[in-house]
Amino acid sequence: MDELIYFDYAATTPVRPEAAAAMMDALGQFGNPSSRYGYGREAARRVKEGRETVARALGCSPGEVYFTSCGTEGDNWALRRGAELGRRKGKHIVTTAVEHAAVLETCRDLERRGYEVTYLKPDRAGRITAGQVTAALRPDTALVSMMLVNNETGVLLPVAEAVRAVKAADKAVLFHTDAVQGFLKVPFPVCSTGADLITVSGHKIGAPKGIGALYVKKGVRLAPLLTGGGQEEGIRSGTEATGQIAAFAAAVAAALDDPKRLEKAAAVKEYALARLKAALPKLEVISAGDVGHICAVTLPGYKSEVVVRVLGDRNICISSGSACHKGRPSHVFAAMGLPKPWLDGALRLSFSPESTRAQADVLVSALKEAANSLFTTLS
Ligand code: PLP
């Protein structure tokens, strides 16, 4: 088998050695943080320390961080209970057409439950303005949900500006942002956006799958999504996942210790894009991405699933969009109004600080070969 060449870091990331070590250590100390004896209190102390680390990275106080099982849970919790919290005001929600399925499918479910949802359309570059958000507000708007970084284009949405504009128009509207692709990938702490509710996920930053967090701004009285034993100050029941929490905190700390990480990923992305454009004259850039780790390109006339499979056979991992699409054309690129041949040939490339130029070279020559051989097959 060829060496693994991985350019799908937006789908998931390898577990960092620091995170794996912290997890093993925490799993060895298996106490239940709710137990009253010393062994349990030791587990509780580790959860507390993990929360402090995650809060430092988010830019908030530890009391505003609630551990969840994943980004999808955070999005569900924020939207379902956020919408409920504003119900006295009304049942209107504003979101964007480019959100992750965790937000869009939850909005669709809320529509079936009597809510009305406005889906803001992006422009051809995948951008949505703060003005579009405020223009969509109505007296009965309870909640706005706008992602921070799009997982398919790498576009940074103007969340801080939208929060300011929305709050200036109507203080009572709750603002949620899905920052799963923005957490530790943008050069500011995500809480500085001013959003009331913020979703993050561990497996995008070197923690294992199965851990995330929801930031709930102090004073926002969000009801629980899960009821039970009353862990996490009573609003997120379920015995704390001590191993995952320790790993999440270790991955966060490692990222904070590497202030150059964003530039490193961006440098390899820029290099790969330049090489791809030179090697494949047919290739078009859909979005170079505002963040260092994501960009989207297309090979019009090709089928991205086939290209992804051909590269996959050589152990080169890229994606045809979000890993969650499973072969369907991307709703993000469709919302941007891209022509069909662009949609069909769309590829997402995503990077990490550990990505190298040598790996990018392998990707470029494999993509060139795949394009040549598929072209011959197709014609
Ligand atoms: N939101 C965005 C923008 C994502 O990219 C993802 C995962 O791809 C999610 C939410 C869901 O996160 P998780 O996989 O932790 O459930």
Side-chain angles (χ1 to χ4, degrees), residues 1-14 98 100-102 126 149-155 180-181 203-204 209 265 268-269 271-289 291-336 338-352 354-379:
M1 190 64 134
D2 296 325
E3 180 207 347
L4 179 74
I5 303 284
Y6 191 75
F7 283 109
D8 204 14
Y9 289 91
T12 196
T13 59
V98 299
H100 187 269
V149 171
N150 183 268
N151 48 305
E152 297 188 43
T153 58
V155 165
V180 167
Q181 296 288 353
H203 74 102
K204 309 291 185 183
K209 293 156 192 65
V268 181
K269 183 182 79 171
Y271 174 79
L273 275 176
R275 288 281 329 271
L276 282 169
K277 283 191 273 187
L280 290 131
K282 283 186 141 210
L283 179 133
E284 303 278 357
V285 177
I286 296 176
S287 168
V291 287
H293 70 297
I294 302 176
C295 65
V297 298
T298 184
L299 281 169
Y302 291 83
K303 292 265 178 250
S304 52
E305 309 95 84
V306 180
V307 177
V308 167
R309 198 161 6 96
V310 170
L311 263 61
D313 289 345
R314 296 181 55 178
N315 224 12
I316 300 171
C317 308
I318 60 170
S319 110
S320 55
S322 153
C324 312
H325 285 140
K326 304 226 160 69
R328 274 177 285 147
S330 147
H331 68 279
V332 175
F333 302 144
M336 287 158 63
L338 301 185
K340 189 163 183 318
W342 282 49
L343 290 180
D344 289 345
L347 300 167
R348 176 184 68 181
L349 307 174
S350 48
F351 301 79
S352 91
E354 282 73 43
S355 301
T356 65
R357 289 175 178 222
Q359 291 167 343
D361 288 338
V362 177
L363 168 72
V364 173
S365 51
L367 203 51
K368 190 174 173 179
E369 264 177 50
N372 286 340
S373 67
L374 289 170
F375 183 73
T376 324
T377 326
L378 292 174
S379 53

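Values reported hereafter were calculated over all heavy atoms of this structure, with side chains retained and with hydrogens, waters and symmetry mates removed.
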Open item on the list: My understanding is that only residues two or more places apart in sequence, or in another chain, count here; which of them pass side-chain hydrogen bond (donor to acceptor under 3.5 Å, both in side chains) with E354?
Closed with: S352
- [ ] Please identify each residue that fulfils side-chain hydrogen bond (donor to acceptor under 3.5 Å, both in side chains) with T298, with sequence neighbours left out.
- [x] none
TODO: Could you pull out all residues at least two apart from Y6 that satisfy ring-ring contact (aromatic ring centres under 6.0 Å, His included)?
DONE: Y9
- [ ] Not counting sequence neighbours, which residues clear side chain to side chain contact (heavy atoms under 4.5 Å, CB included) with A279? List them please.
- [x] V364, K368
Task: With sequence neighbours excluded, residues passing side chain to side chain contact (heavy atoms under 4.5 Å, CB included) with A278 - done: none
Task: Minimal non-hydrogen separation, Q181 against I294, with atom names - done: OE1-CD1, 3.9 Å
Task: side-chain hydrogen bond (donor to acceptor under 3.5 Å, both in side chains) involving T153 - partner list, sequence neighbours excluded - done: N150
Task: Min side-chain heavy-atom separation S355-F7 under 4.5 Å - done: yes
Open item on the list: According to side chain to side chain contact (heavy atoms under 4.5 Å, CB included), who are the partners of P339, at least two apart in sequence or on a separate chain?
Closed with: R124, P341, W342
- [ ] Check C295 against A288 and note the closest heavy-atom contact, atom names and distance.
- [x] CB-O, 3.6 Å
- [ ] For L343, enumerate each residue passing the side chain to side chain contact (heavy atoms under 4.5 Å, CB included) test, keeping only those at least two apart in sequence or located in another chain.
- [x] F333, A334, L338
TODO: Could I get the full list of side-chain hydrogen bond (donor to acceptor under 3.5 Å, both in side chains) partners for S365, not counting sequence neighbours?
DONE: none
Task: Donor-acceptor pair, side chain of Y302 and main chain of A371, under 3.5 angstrom - done: yes
Open item on the list: Would the distance check show the side chain of K204 and the main-chain N or O of A11 forming a donor-acceptor pair, the cut-off being under 3.5 Å?
Closed with: yes
Task: Those residues that, when tested against E284, pass salt bridge (charged side-chain N to carboxylate O under 4.0 Å, His left out) (two or more places apart) - done: none
- [ ] Please examine the side chains of R348 and D8, heavy atoms only from C-beta on, and report whether any two atoms are closer than 4.5 Å.
- [x] yes
